[in-house]
Amino acid sequence: MATITIKILFFASAREAAGGITSANLELDADGADTQVLRAKLAVQYPKLAPLVQDEENLTLALNEEYVDMGEVKTLSSGDTVALIPPISGG
């Protein structure tokens, strides 16, 4: 089965939950590769990231520098970059 490679960028608490890495390449089956499948794969590959990545309200995805709206599922292609952006808090 053909696969695609996606670059993942980890920010803030997502970086901490992934063990401090800033980026990683992730392979997905080309058939049916989308942002929903990506969330599930990330939850398995990085168990500490699972609570964040499985909750759309706690982690926004940006696909090739464009936000993916909550509830929206985008198709992924080889070479895409997906940023994991947790909520930013501050005062």
Side-chain angles (χ1 to χ4, degrees):
M1 177 173 271
T3 61
I4 61 170
T5 301
I6 306 297
K7 182 174 185 176
I8 308 298
L9 304 176
F10 300 88
F11 292 97
S13 59
R15 178 183 303 144
E16 293 168 24
I21 60 173
T22 58
S23 67
N25 290 324
L26 192 67
E27 285 191 356
L28 296 172
D29 290 335
D31 187 36
D34 61 33
T35 50
Q36 188 171 13
V37 169
L38 176 65
R39 283 180 180 270
K41 174 109 179 192
L42 286 167
V44 170
Q45 188 149 343
Y46 302 98
K48 290 182 180 176
L49 186 61
L52 271 177
V53 80
Q54 292 174 325
D55 184 351
E56 289 189 50
E57 292 184 18
N58 280 326
L59 187 83
T60 300
L61 300 181
L63 173 58
N64 299 324
E65 299 183 8
E66 291 190 18
Y67 287 112
V68 177
D69 293 331
M70 191 180 308
E72 186 177 13
V73 177
K74 295 271 195 174
T75 301
L76 299 172
S77 301
S78 197
D80 282 347
T81 298
V82 177
L84 309 182
I85 306 170
I88 306 298
S89 63

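Heavy atoms only: backbone and side chains are in, while hydrogens, waters and symmetry mates are out. This chain uses plain numbering: 1 for the first residue, then up along the sequence.
- Nearest heavy atom pair, residue Pro51 against residue Pro47, reads CD-O, 3.8 Å.
- Scanning all heavy atoms of the two residues, the minimum distance from Ile21 to Ala18 falls at CG1-O, 3.7 Å.
- Atoms CZ and OG, from Arg15 and Ser23 in turn, are 9.5 Å apart once rounded to the nearest 0.5 Å.
- Side chains of Lys74 and Leu61 form no contact here, defined as non-hydrogen atoms less than 4.5 Å apart.
- When side chains are defined from C-beta on, Phe10 counts as touching Leu49, because their heavy atoms get closer than 4.5 Å.
- Here the side chain of Asp34 pairs a donor or acceptor atom with the backbone of Gln36 at under 3.5 angstrom.
- Within a 6.0 Å sphere centred on CG of Asp31, heavy atoms belonging to other residues, nucleotides or ligands number 12 at most.
- Atom CG of Leu9 sits about 11.5 Å away from atom CD1 of Ile6, to the nearest 0.5 Å.
- Taking every heavy atom of both residues into account, Glu56 and Glu72 meet most closely at OE1-N, 4.5 Å.
- When all heavy atoms are compared, the tightest approach of Ile4 to Leu76 is CD1-O, 3.6 Å.
- Between the side chain of Arg39 and the backbone N or O of Gln54, no donor-acceptor pair lies under 3.5 Å.
- Side-chain atoms of Leu42 and Leu26, non-hydrogen and from C-beta on, do get closer than 4.5 Å to each other.
- Ser78 OG to Leu28 CG: the interatomic distance, rounded to the nearest 0.5 Å, is 9.5 Å.
- Once rounded to the nearest 0.5 Å, the distance linking CG of Asn64 with NZ of Lys7 reads 11.5 Å.
- In this structure, the side chains of Leu38 and Ile8 come closer than 4.5 Å at one or more pairs of heavy atoms.
- Taking all atoms of both residues into account, the shortest heavy-atom contact from Leu59 to Pro86 is CD1-N, 3.7 Å.
- In this structure a side-chain-to-backbone donor-acceptor pair under 3.5 Å is present from Lys41 to Glu27.
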